[in-house]
Amino acid sequence: MKQTRSLKAFFPHFPPLAQSSAPSPLLAWADRQRQRAALARLEDRMLDDIGVTRTEASAECQRHD
């Protein structure tokens, strides 16, 4: 059995470099959903630090683009 000298054979770059120039709409949507979930978990004092009210944060978290 031939040994592999590089871990790149087992762990290729993701997304593939050929596709990295054009962002995927699905990955962009998933990233927005992740950010909205993180926003929903913030405490009121943290929201105040970034200048967002609980009402604004809740409205953003309800969006479904």
Side-chain angles (χ1 to χ4, degrees):
M1 182 161 85
K2 182 179 177 183
Q3 288 186 335
T4 304
R5 294 181 185 213
S6 170
L7 290 178
K8 289 184 180 181
F10 294 105
F11 304 105
H13 185 270
F14 183 82
L17 294 176
Q19 296 177 359
S20 64
S21 62
S24 163
L26 181 60
L27 291 177
W29 174 84
D31 188 49
R32 285 191 304 273
Q33 292 302 104
R34 180 192 56 78
Q35 291 178 27
R36 287 178 178 137
L39 182 65
R41 289 190 304 266
L42 292 179
E43 298 173 2
D44 288 338
R45 66 179 179 82
M46 292 178 173
L47 290 172
D48 191 43
D49 286 347
I50 62 172
V52 177
T53 66
R54 175 60 60 192
T55 304
E56 292 169 333
S58 295
E60 180 61 32
C61 293
Q62 297 300 318
R63 292 185 57 181
H64 301 285
D65 322 291

Nearest-0.5 Å distance, CG of residue L27 to CZ of residue R32: 11.0 Å
Approximate separation, where rounding is to 0.5 Å, of R63 CZ and R36 CZ: 5.0 Å
Distance, nearest 0.5 Å, that separates CD of E56 from CD1 of I50: 9.5 Å
Partners passing side-chain contact (heavy atoms from CB on, under 4.5 Å) against Q35 (at least two apart in sequence or in another chain): D31
Where A57 and V52 come nearest, the two heavy atoms and their spacing: N-CG1, 3.9 Å
Distance in Å, R34 CZ paired with L39 CG, rounded so as to fall on 0.5 Å steps: 11.5 Å
Salt bridge (charged side-chain N to carboxylate O under 4.0 Å, His left out) against R41, all qualifying residues, sequence neighbours excluded: none
Results of side-chain contact (heavy atoms from CB on, under 4.5 Å) for S58 - residues two or more places apart only: R54
